[in-house]
Structure formats: structure tokens, C-alpha cells
Amino acid sequence: MFIFKSKKELQKHLSAFGNKKTIGFVPTMGALHQGHLHLIEQSNLKCDISICSIFVNPTQFNNPNDLANYPNTLTIDLEKLEKVKCDIVYNPPVNDLYTQGETAKSYDFGSLATAMEGEFRPGHFNGMATVIEKLLNIINPTIAFFGQKDLQQLYIVKDLVKQMQSATVIEGVQTVREESGLAKSSRNKLLSESAKKEARLIYNCLNYCQKNKEKGVDKLKFHIQQQFLKQKNFTLEYAEFVALKTMLPIKDWEEENENAVSISAYHSGVRLIDNIIL
Ligand code: AMP
């Protein structure tokens, strides 16, 4: 496995392949878990070369504490990537991607970026798209893999490559979960064992929606709100039912598999998100 700290070295290495190899790219912020590794495995299946970036992107954090507390486990991450046969890791310092004082670009993603994360993490998608645009321009992958866990991000990145007129295909990958149903997340490391147990409520609510779709959006939303009100250390930020095409809230179901329910909640100060397609 090759590890590059600078885009110059990485591009030099990639230029040797010309157009002869397909490149799969998995951008991450490190603290890798089975969800990330599943993306690499998908890349290995579909592409000749798999590249994983590990970069905690400062411009996508609207909360400085969240950035400061973001877990950093680089040595273990590299061992995990080696085990799943990742070919290349790009792990740059901030100044390899940003000039001094550079801030996020301002994008127009229309309705895709207004609800949910767009509402509760102002500036997040501009920061995320800024770094993804830079990474796609450096690597020019054949396919870039993104988790469905960050559903709005996945649809925004699909829009971003259209705006960039990039030929990169954006592929969404199913959410990997703990046995309890809790979505794997780097932030789970910040939860105590008992908090982790309580955090399965998010998946239980999503599952309830899937099994009780006929109750309709309003009743399901009320059900979720009631479940969270019963919890002492768990605060619901939003439970939103949206159309996949627009990422805007719905009152009635769109066609089968064109709807999603997304939940964001704080457990003991840790922000957790998850969703399911309905
Ligand atoms: P992050 O390091 O949190 O920025 O995530 C990097 C990529 O991994 C993103 O495309 C995420 O959507 C994806 N990802 C994170 N958690 C999971 C999961 N539990 N299952 C599948 N993909 C995930």
C-alpha cells in the first residue's frame, strides 16, 4: 500500500497508469470502521486501483468543538486499509489542499441542501463540496464511493459532479450497522457502552417507519418524537420525511423507494444521524 502526504507525489504515482486503469476513490475523515472498509471493498470489486483519502476537512465543521474532538486513529486506520487491500492512501496536511486563510466555496445545490443537515449544519455542505471538488480534481477517479448513511451528502455530490462536468460516477453504498442496528460511525467511539445501547433507538424508529408506512408521514413523525421524549440523555434534533429527488419534506408518500426518513439526535453530546429509504 502506498501512502502519500502530498498531491504532487500522488499525481506523479497515478500518472504512470495513464488511462489504462480504472480508479475507485473513497474519501474519508479517518477513524475508520466497517462502514468505510465496505466502501473500499466495493471499490476493489469494481475498479483496478482503490484510493482512500484520510483528511479531516476543517471547512465542513460548523462547530469548532466537533472538529477538535474528531477522533484521530491514523496508525490503526492504515492497518485496516492494508488488510482490505486498499492500494493507495492520500493523507495530506491542511496546506496541501487549502491555501492560508482559504474558506469554503459557495455552491448552489438548490433544494437538496436546504432541509435537515442544510438547516442544522449551516455551511457544512459548502465545506464538504469544496474539499470533494478538490479531491476529485486531483484524483480524477472513475468511480467515487459514498455511504448512503450521509444521504443528503450523496445526492449533493451527485449534483456536484454534474456542475463540475466531471465524468466520475458517484456510487451510493448501503449503510453498515452494528448488530443492534446502530449505524457504524466514527462518532460511536465517543459513546459509552450504555449510551451505545440507548442509541439503537434511532434505528428502531427508522425500522418502525418501514414496517408501518401505511400510517402515513404525520403519525410516524409523531411516534418518533414521542419515543425521544421518553429518553433522558437523548435529544431529537430532527426527524424528517423527504422525497429523494428533492430532499424536501413530504406530507404524502412519493413512489416506492423514492422517500426517506432521516433522523438526527444528540446522545450525551454526540451527534448521530441515520436514515432509511422507504
Ligand atoms: P466520514 O469519514 O464520516 O466522512 O465518512 C466517509 C464515507 O464513509 C462517507 O461516504 C460516509 O457516508 C461513509 N460511511 C460512514 N459511515 C458509514 C456506514 N455506517 N456505512 C456505510 N458507509 C458509511
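Ligands are counted one by one from 1 in listed order, and the atoms in each one are counted from 1 as well. It should be emphasised that the depicted structure is a prediction, and the values quoted were computed from it without experimental measurement.
Remark: K219 is not positioned above the aromatic ring of F222, lacking an NZ or CZ atom under 6.0 angstrom from the ring centre and at most 45 degrees off the axis.
The backbone N or O of G30 lies less than 3.5 Å from no partner atom in the side chain of D77, so there is not a single donor-acceptor pair.
Ranked by closest heavy atom to atom 9 (C) of ligand 1, the top entry among Q42, Q174, Q153 is Q153.
Checked options T168, L135, I143; the residue passing with F25 is L135 (criterion: side-chain contact (heavy atoms from CB on, under 4.5 Å)).
Under the 4.0 Å criterion applied to side-chain N and carboxylate O atoms, E41 and K46 are not assigned as salt-bridge partners.
When all heavy atoms of K213 and W253 are compared, the closest pair comes out as O-NE1, 2.9 Å.
Of the heavy atoms in H33, only side-chain atoms (C-beta onward) come closer than 4.0 Å to ligand 1. Looking at L39 against ligand 1, only its side chain comes within 4.0 Å, counting heavy atoms.
Residue contacts with ligand 1 do not include R177, since none of its heavy atoms lies under 4.0 Å from the ligand. Taking 4.0 Å as the cut-off, H36 counts as a neighbour of ligand 1 on heavy-atom distance. For the ligand labelled ligand 1, residue P27 lies inside the 4.0 Å heavy-atom shell.
More than 12 heavy-atom neighbours from other residues, nucleotides or ligands sit within 6.0 angstrom of NZ on K189.
Atoms of ligand 1 found under 4.0 Å from any heavy atom of T28, numbered from 1 in the order shown, are 2 (O), 6 (C). Near K184, with a cut-off below 4.0 Å to any heavy atom, the atoms of ligand 1 are 16 (N), 17 (C), 18 (C), 19 (N). Less than 4.0 angstrom separates some heavy atom of G35 from each of these atoms of ligand 1: 18 (C), 20 (N), 21 (C), 22 (N). Ligand 1 places these atoms under 4.0 Å from at least one heavy atom of D150: 11 (C), 12 (O). The atoms of ligand 1 that sit less than 4.0 Å from any heavy atom of K149 are 16 (N), 17 (C), 19 (N).
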